[in-house]
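First the structure, in the form of structure tokens, and then the observations on it.
So you know, we letter chains A, B, ... as the sequences are listed, proteins then strands, and number each from 1.
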Amino acid sequence: MATSGEEKPVMIVGIDESEQSTYALEWTLDRFFAPYAPNFPFKLIIVHAKPNAVASVGLAGPGTAEVVPYVDADLKHTAVKVIEKAKGLCQTKSVHGAMIEVFEGDARNVLCEVVDKHHASLLVVGSHGYGAIKRAVLGSVSDYCAHHAHCSVMIVKKPKIKV
Amino acid sequence: MADNHATAALKTSTVEKQPETTEAEAPRVMTRTKRMMVAIDESDSSFYALQWVIDHFSDLLMTTETAEAEGDLLTVVHVQSQFYHFAAFPAGPGGATAVYASTAMIESVKKAQQEASAALLSRALQMCRAKQIRAETLVLEGDAKDMICQAVEQMHVDLLVVGSRGLGKIKRAFLGSVSDYCAQHASCPILIVRPPKEITK
């Protein structure tokens with residue numbers, strides 16, 4: 001897997017609007033891309049999974065039908081912000097040639113599908129650092145990807161500053 | 001008093017260097033050598049993980065030719081399972097006298113363990129040498145998950161790499177998964193390398 005430029009291994013970074021995934025993207029750029037400019041060892045693809053508006057609202061009862069367009073607009077707005085932030089980070093670190101993709105759907109499935117689509121060698125995700133209970137209730141995307149993705153998975157956690 | 005404060009401040013500044021990647025960090029100069037740790041045991045998947053790291057990160061790792069300042073340091077760690085000296089051995093004809101293992105037995109088991117881990121580590125080092133990557137080895141004793149997380153903290157590891165046996169959900173719950181535990185509790189980013197037969201390329 002030499003960096004001869006013909007077939008660079010693909011690295012996918014999954015991001016959402018949380019601080020942890022911004023940190024994960026920054027860490028990845030610093031560690032694997034910035035020092036090696038312009039000959040990067042990996043081909044970088046940044047993926048954002050926009051949650052489906054209908055799925056997030058759920059069937060909570062009467063009146064939800066009116067809320068859906070607002071939720072949808074808000075989610076689109078968030079997605080745009082996330083993309084802008086990612087682009088900004090790449091610019092700051094002088095990392096060019098990164099692809100940014102947005103898909104709609106549940107983050108777990110989206111990330112695993114993208115890995116298959118691009119035959120990625122590495123998937124990078126942040127971690128919200130949930131405890132055991134939150135994890136059981138909310139589900140952990142990083143956990144799911146670590147078990148189900150068809151490539152190696154790197155989970156980047158924001159270090160807790162120990163006082 | 002002042003000394004303690006100074007060293008404490010120094011420590012926090014080096015630890016916080018990672019999150020503070022906002023402005024004027026000049027990423028070109030790596031002032032601190034980064035450390036990558038790969039955990040191995042007897043399983044094939046952990047050696048596959050080591051090979052994967054060597055293949056993909058060969059540019060980042062310190063080679064035998066480059067100067068000390070460039071590249072990252074690769075540490076290969078093997079955790080030996082603890083041998084409990086007071087394990088209940090089947091009582092021989094002597095009955096209660098066989099409860100404590102004799103020192104000779106302890107010695108021989110320890111020696112066998114050491115030889116096994118030496119063999120594993122030398123195999124690992126050979127793999128590194130084949131790609132001319134400089135690596136150091138480390139042997140720890142105890143429960144794998146705890147020792148690995150402890151080592152990560154003490155040695156300020158930047159990236160922990162573990163293999164994955166590819167256990168299903170149920171097996172994982174019963175047998176316990178080192179990679180799962182480390183993913184949740186290690187204080188640094190973790191890379192889980194999946195075994196090849198599950199990769200549909």
Q. Pick one: which of Val124(A), Val153(A), Val156(A), Leu122(A) meets side chain to side chain contact (heavy atoms under 4.5 Å, CB included) with Leu191(B)?
A. Leu122(A)
Q: Could you check Pro9(A), Pro41(A), Ser152(A) and say which one makes a side chain to side chain contact (heavy atoms under 4.5 Å, CB included) with His56(B)?
A: Pro9(A)
Interatomic distance, [X] atom [atom1] to [Y] atom [atom2] [nearest 0.5 angstrom]:
| X | Y | atom1 | atom2 | answer |
| --- | --- | --- | --- | --- |
| Ser179(B) | His147(A) | OG | NE2 | 6.5 Å |
| Trp27(A) | Leu159(B) | CH2 | CG | 4.5 Å |
| Leu160(B) | Ile155(A) | CG | CD1 | 10.5 Å |

Q | Cys151(A) and Arg194(B): CA distance, side-chain angles, deciding distance, side-chain contact (heavy atoms from CB on, under 4.5 Å) verdict | A | CA-CA 6 Å; Cys151(A) 71; Arg194(B) 313 263 300 156; 6.0 Å; no
Q) Do the ring planes of Phe57(B) and Phe42(A) sit parallel (below 30°), tilted (30 to 60°) or perpendicular (above 60°)? A) perpendicular
Q | Residue Asp44(B) excluded, over 12 heavy atoms near CG under 6.0 Å | A | no
Q: Show your reasoning for whether side-chain contact (heavy atoms from CB on, under 4.5 Å) applies to Ile192(B) and Met154(A).
A: CA-CA 6 Å; Ile192(B) 302 175; Met154(A) 178 145 57; over 6 Å; no
Q. Are the side chain of Lys157(A) and the backbone of Ile190(B) linked by a donor-acceptor contact shorter than 3.5 Å?
A. no
